[in-house]
Each structure stands twice: as C-alpha cells, then as structure tokens.
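A note on names: the letters A, B, ... follow the listed sequences, proteins ahead of strands, and every chain is numbered from 1. These values consider heavy atoms only, across backbone and side chains, with no hydrogens, waters or symmetry-generated copies.
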Number of protein chains: 4
Amino acid sequence: MKINKYEDISQIDREAKKDYIDRHSAFVHCEASAKKGEKFKVKVKVGDEYMHPYDTDHYIAWVQLWNGEKMLAQGTFVEGALGNAPNNLEVDFYIVPTKNMKLMAHAFCTKHGLWQSEEVSVEVTE
Amino acid sequence: MKINKYEDISQIDREAKKDYIDRHSAFVHCEASAKKGEKFKVKVKVGDEYMHPYDTDHYIAWVQLWNGEKMLAQGTFVEGALGNAPNNLEVDFYIVPTKNMKLMAHAFCTKHGLWQSEEVSVEVTE
Amino acid sequence: MKINKYEDISQIDREAKKDYIDRHSAFVHCEASAKKGEKFKVKVKVGDEYMHPYDTDHYIAWVQLWNGEKMLAQGTFVEGALGNAPNNLEVDFYIVPTKNMKLMAHAFCTKHGLWQSEEVSVEVTE
Amino acid sequence: MKINKYEDISQIDREAKKDYIDRHSAFVHCEASAKKGEKFKVKVKVGDEYMHPYDTDHYIAWVQLWNGEKMLAQGTFVEGALGNAPNNLEVDFYIVPTKNMKLMAHAFCTKHGLWQSEEVSVEVTE
C-alpha cells in the first residue's frame with residue numbers, strides 16, 4: 001500500500017500541489033527531550049499552512065501516534081467535531097516514555113489515503 | 001447498563017473508596033466560553049488525586065468526548081503508551097464549536113466499566 | 001447522558017416512529033450457548049426491518065459489543081464502506097468466552113446518539 | 001515505517017520463523033465477485049496455522065480493512081475479548097461495494113508492529 005510521505009512544500013512551485021501536500025501532512029510537535037517515567041506532551045496536527053476541507057466523502061477520519069514500529073495512541077473524530085468546515089485536525093497525546101523515541105504520526109484522509117509525518121527523535125533521560 | 005457517575009470524593013470517608021472513584025473518574029477541563037467557528041481546546045483526563053494502575057487485565061482503554069448526546073472524538077491508547085505504570089490518562093482534543101455545548105467525557109476501564117464525567121457548560125459566542 | 005433503549009416496534013402505531021426506532025436499534029445475534037475457551041461468533045447489526053440513511057451529518061459511526069459492564073470489541077466504519085446509501089451496519093465479532101455472558105451492543109448515530117440493544121444471555125459450558 | 005508483508009511460509013524452513021510470520025499475518029477471506037450495492041461479507045483473520053500469544057505487552061490490538069488506498073473499517077479488541085489466551089483474531093465486516101475492489105487487511109501487534117495482508121481482487125458487477 002502506498003503511504004504518502006511529507007514533502008517540503010517550499011520546494012514546490014505549483015500552488016495546488018503545495019496545498020494538497022500540506023493540508024494532508026501529519027506533523028508531530030514536541031520537545032526534543034523528555035524525562036523517563038514522566039508525562040510528555042506530543043501534539044499531532046494535520047496540515048500547517050493550508051486547511052483540509054470537510055465534505056461528505058472527504059475528511060480526516062483519524063490520526064495515530066507511533067514510536068518506531070509501535071503505535072501508541074489513536075484519535076478518531078466524527079462528523080461535527082470540527083464544525084464541518086475546513087480545518088487542521090489537532091490532538092495532544094500525553095505519553096510516558098521509558099527510553100529514546102522516534103515519533104511519527106499517521107493521518108487518514110477518506111479520499112486521499114494514508115499520510116505519514118517526518119520522524120521526530122526524542123532523547124529520554126533519567 | 002450501569003454508567004458510573006462522578007462523586008465528590010471530599011464527601012467520602014473511606015480512603016480505598018476515594019481512590020477507587022477518583023482514579024476512574026473522567027474530567028473535562030476547558031474554558032467556560034468559546035468563539036463560534038474557532039478552535040477550542042478540551043482536555044479529558046482520568047483521575048485527579050489518584051492514579052489508575054496499569055495491569056494486564058486492568059487499564060483505561062479509551063476516553064470519549066461528548067457534547068450532549070453526540071460523541072465528538074475518541075482517544076484510544078495501547079499497551080506501552082503510558083509506560084505500563086500507574087497513570088492519569090490525558091488527551092487534549094481541539095474541537096470547533098458552532099453553538100453552546102454541554103461537554104462530558106467517558107472513560108472505559110477494562111475491569112470496572114464505563115465512567116462518566118460531570119457535564120461542563122460552554123457558552124459559544126459569535 | 002441519555003442512552004436510547006430498544007422498544008418493541010410491533011407495539012408502536014406510528015410508521016415514522018417505528019422506522020426511527022428500528023433503524024437505530026442495535027441487535028445482538030448469536031447462539032444461546034457456547035463452549036468455554038472456544039471461538040464464538042456474535043453478530044452486531046443495526047436495524048432489522050428499516051435501514052438507516054447515510055448522509056453527511058447522519059450516519060452510524062461505530063458499534064460496540066459489551067459483556068455486562070465490560071466492552072469486548074468496537075467496529076468503526078468510515079465513509080464509503082457501506083456504499084454511502086441507506087444500510088444496516090453489520091459486523092461479526094469472534095470472541096472467546098470463559099464464563100456465562102450477558103451480551104449487549106451499542107450503536108452510535110452521529111445525529112441521534114447512543115442506542116443500546118437488549119441483553120442476550122449466553123450460557124458457557126466446559 | 002516498516003510494514004511487514006505476508007510471506008509464503010511453505011517456503012520457510014525454520015519452524016520459529018514460520019510461526020512468527022504466520023501468527024502475525026493478516027488474511028482477507030471473501031468471494032471473488034460481488035454485486036454492486038449489495039452487502040458483501042469480508043473476513044479479516046490474523047494467522048492461519050499458528051496462534052498469536054496473548055500477553056500483557058504483546059497482543060493484536062486492531063485490524064483494519066482497506067480497499068486500495070482507502071480504509072473501510074477498523075475492529076478494535078480489548079483485554080478479555082479473546083479469553084486472554086493464544087488466538088487468531090477474527091472479524092467479519094459487511095461492506096457494500098460500488099465498483100471493483102482490491103481488498104487488503106492490516107493487523108497491529110503491540111510488540112511486532114504493522115502487518116499487511118496480500119491484496120485480494122473482487123470483481124463487482126451490476
């Protein structure tokens with residue numbers, strides 16, 4: 001199965017393509033280091049400069065937070081949660097790390113499939 | 001089906017019962033008012049003063065955020081996300097309100113069933 | 001929170017009300033007895049004589065199978081899975097019982113909230 | 001992210017490796033053809049000849065059914081649903097096709113990551 005990967009939109013000329021890629025891309029936002037055994041906030045957000053539309057047959061259904069090969073948490077949204085208007089889906093998961101992590105997010109668009117963020121390394125110290 | 005409701009633990013004498021109720025109770029934390037059509041952060045957290053254990057057959061599997069009779073979003077956690085240690089599961093959903101809301105959270109414990117928070121009213125203005 | 005319960009529609013006169021109740025009601029279909037430790041098929045189906053519509057803001061988002069106070073499994077459907085036409089959402093969960101069960105299903109309609117099936121007793125023998 | 005793909009275990013010599021691959025592999029079982037607009041049963045099953053263990057930190061948390069790049073449905077299981085014993089997780093989704101499909105299943109193991117089935121083509125006729 002094809003998994004769409006993030007592309008740096010500053011390198012893309014065509015406006016429609018910039019918009020298409022940005023609004024589907026999942027992003028992981030968090031600190032670069034964490035304390036072992038303590039709560040650590042990780043924001044997963046879809047899109048940065050452009051918003052994803054909300055249509056009957058076209059919406060972001062869920063995002064997942066992964067650490068390497070391991071899924072940690074999933075956020076599922078239903079109709080109405082984001083005002084049924086263009087949006088940047090956003091959720092903060094509070095996880096408790098035990099060792100260094102390589103975080104990544106997945107976002108699923110009902111029309112354009114699965115999108116994978118860049119990997120974010122987090123150093124976990126005692 | 002029984003849905004466990006929040007009880008004010010300051011009114012409970014027995015320590016074990018305080019702990020049992022608090023660590024299972026879902027809480028909604030958010031501002032009292034929001035702007036129509038703008039992102040609004042809602043924290044769902046399980047437990048306040050006491051932590052929930054993490055055991056093979058005993059963990060909080062998911063939380064849901066509801067507005068009245070309508071579910072808005074669900075956060076599902078898997079093994080490892082919270083360090084496999086006692087914890088207070090926590091997730092922030094960013095929703096976009098269109099009118100006044102009555103927010104409520106559900107938390108599901110694999111051993112002790114479904115727990116429902118108190119209702120939190122949010123006034124939504126233009 | 002209000003949980004809508006099944007009503008026997010043969011006792012209801014008004015056609016629109018029969019339709020409303022039937023198309024939202026979750027039903028558990030399974031054998032009356034099971035063998036301990038062996039796979040056991042449980043069908044969860046929404047509606048019996050009437051189909052639920054599929055609209056932008058009005059669809060069955062998920063069903064859950066419960067044994068007493070304990071959730072066993074959840075089936076979540078996204079746009080397109082049921083042809084975006086009126087339907088009776090249906091899923092078979094294969095569970096492995098260890099003792100007598102009281103099965104129940106929940107169905108969530110994005111417009112009309114949570115619906116709970118009647119309870120089905122299953123005797124589990126060695 | 002690595003997605004583990006099905007391998008034909010009859011071509012593998014080492015027993016432990018056969019077991020490892022088989023018990024994690026998702027399989028799609030269904031008819032080769034379907035009628036447009038009519039319900040169509042699709043079984044998703046994890047493993048064929050070998051069972052997956054059930055341990056605190058090692059279980060199959062969910063399966064998803066995909067049609068090409070599009071997810072149709074997800075089945076999530078919690079502790080206790082499969083007797084907390086070795087098992088082959090199994091769920092039947094009833095979908096309503098509108099055109100030819102390429103079905104595929106994903107299974108997520110909390111220890112060994114994401115596993116993808118072979119693709120199954122279904123011809124959908126009027």
Would you please go through residues 34-50 of chain C and name the residues with a non-hydrogen atom below 4.5 Å from one of chain B, in numerical order?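 So no residue qualifies.
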Select all residues of [range] having any heavy atom within less than 4.5 Å of some heavy atom of chain C, and report them by number, or 'none'.
range	result
residues 114-126 of chain B	B:Leu114, B:Gln116
residues 90-105 of chain B	B:Met104
residues 17-29 of chain B	none

Take a 6.0 Å sphere around CG of C:Asp13 and say whether it holds more than 12 heavy atoms from other residues, nucleotides or ligands.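 For C:Asp13, atom CG is not crowded (no more than 12 foreign heavy atoms under 6.0 Å).
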Could you check C:Gln74, C:Met71, C:Glu69 and say which one makes a side chain to side chain contact (heavy atoms under 4.5 Å, CB included) with B:Phe108?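 Looking at C:Gln74, C:Met71, C:Glu69, the match for B:Phe108 under the side chain to side chain contact (heavy atoms under 4.5 Å, CB included) is C:Met71.
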